Amino acid sequence: MHKDFLDIVDYSQDELQELLDLAVKLKREYQEGGNEPVLKGKVLAMIFQKPSLRTRVSFDMAMRHLGGDALYLSPAEIGLGTRESVADVARVLEGYVQGIMARVFAHQHVLELAHWAKIPVINGLSDASHPCQALADALTIYENYGRLKGINITYVGDGNNVAVSLMEISAKMGANFSIANPEHYDMPAAAVEVAKEIARGSGSRLSFFRDPHEAVKHADVIYTDTWTSMGQEDEAAERERVFPPYRVNDQLVSEGNPDDIVMHCLPAHRNQELTDSVADGSHSRIFPQAHNRLHAQKAIVYTLLKGA
Ligand code: CP
Ligand code: NVA
């Protein structure tokens, strides 16, 4: 039993599958009339150092659907690590609420929150990873193909936090993961080494390309994300110069498997990393994918906060 949800690699394949099965069950239950109020009286504090639409609203609604509540703490409040130390924030909040979700710049800050708080801590995106996104992505792929094992997932673009968590969940669940990214925009080597080790155990194949056309051959899923993540705004001009060959357009989608699906964590920068016609076309699953954040995270808060 885990106290926190900080990174995909902390969970076993069986535990991730349990979360996915629970998400499927809670989604069905919700669509058929509503969830049981198992989190009645429980409150999740949501700390945001960066903006958000999906993470903020889907966690808030997940808590409400389960009978609990959520508290939004904006980037202007708290001052995590500046107005007050991370350790002190953790030890104050644990006296008020039953769980913490944090969206931060430095990954170390979610680790420190989890270290100091006796209550569950959930990583709602850091510069290093986005595990809640990956769980919702796995749910979307699972719903589409009925399995994850052996599915070919290709990520095209920046080797960022979203790519890392997608690689990790692919490796854990036995899906094959390939990435095409420009030179200097590789995923961190340490994360790749850990994923390779996990892939050896699950039978997942990891492949690394510069050429997006090579990478999408046999793809069941083509995934992309922004070229410039939050906090990298100073690099935007350089990135816009480097990344256009990695734009997901109709041609690239046609080079994958015939029924390949297109995914994006959103927010999308339309006609940068993916074209309008792809985002709104028949292969796109971007909105069901966004909606699955609600169901995947409901499984996370259900599991972590039920006994908190
Ligand atoms: N995908 C995602 O995390 O979206 P937000 O930044 O809007 O939360
Ligand atoms: N890679 C993006 C994801 C946003 C949800 C970022 O970190 O800004």
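Side chains included, hydrogens not; waters and symmetry mates left out as well; all remaining heavy atoms used. Being a predicted model, the structure only gives us computed values, none of them experimental. Atoms within each ligand, like the ligands themselves, are counted from 1 in listed order.
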Close N/O pairs between ligand 2 and protein, under 3.5 Å:
from: ligand 2; atom 1: 1 (N); to: N160; atom 2: ND2; distance (Å): 3.3
from: ligand 2; atom 1: 1 (N); to: N161; atom 2: OD1; distance (Å): 2.9
from: ligand 2; atom 1: 1 (N); to: D225; atom 2: OD2; distance (Å): 2.7
from: ligand 2; atom 1: 1 (N); to: S229; atom 2: OG; distance (Å): 2.7
from: ligand 2; atom 1: 7 (O); to: N161; atom 2: ND2; distance (Å): 2.8
from: ligand 2; atom 1: 7 (O); to: S229; atom 2: OG; distance (Å): 3.4
from: ligand 2; atom 1: 8 (O); to: M230; atom 2: N; distance (Å): 2.8

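- The contact set between ligand 1 and S52, taken as ligand atoms under 4.0 Å from a residue heavy atom, comprises 5 (P), 6 (O), 7 (O), 8 (O).
- Using a 4.0 Å cut-off to heavy atoms of C265, the atoms of ligand 1 that qualify are 1 (N).
- By the 4.0 Å heavy-atom criterion, L125 is excluded from the residues contacting ligand 1.
- Those atoms of ligand 1 that come under 4.0 Å of a heavy atom in L53, given as number and element, are 5 (P), 7 (O), 8 (O).
- A side-chain donor from one of D186 and N181 sits under 3.5 Å from a side-chain acceptor of the other.
- Across R103, R54, H264, heavy-atom proximity to atom 6 (O) of ligand 1 is greatest for R103.
- Within the 3.5 Å criterion, the main-chain N or O of V121 finds a donor-acceptor partner in the side chain of D4.
- Remark: K172 is not positioned above the aromatic ring of Y11, lacking an NZ or CZ atom under 6.0 angstrom from the ring centre and at most 45 degrees off the axis.
- Near Q133, meaning under 4.0 Å from any of its heavy atoms, are these atoms of ligand 1: 1 (N), 2 (C), 3 (O).
- For the pair R91 and W116, the distance from NZ or CZ to the six-membered ring centre is under 6.0 Å and the angle to the ring normal is within 45 degrees.
- No donor-acceptor pair under 3.5 Å is formed between the side chain of R270 and the backbone N or O of T275.
- For an aromatic pair to be called close, the ring centres must be under 6.0 Å apart, and Y246 with Y185 fails this.
- The H130 neighbourhood of ligand 1 comprises atoms 2 (C), 3 (O), with distances under 4.0 Å to a heavy atom of that residue.
- When only interatomic distances are considered, the shortest N/O to N/O separation between L266 and ligand 1 falls below 3.5 Å.
- Under a 4.0 angstrom heavy-atom cut-off, R293 registers as being in contact with ligand 1.
- A salt bridge does not link E32 to R28: none of the charged nitrogens lies less than 4.0 Å from a carboxylate oxygen.
- Side-chain contact annotation: Q272 with R247, donor-acceptor N/O pair under 3.5 Å absent.
- Relative to the ring axis of Y142, R147 does not place its NZ or CZ within 45° and under 6.0 Å from the centre.
- In the model, T224 has no side-chain atom that pairs as donor or acceptor with a side-chain atom of E273 under 3.5 Å.
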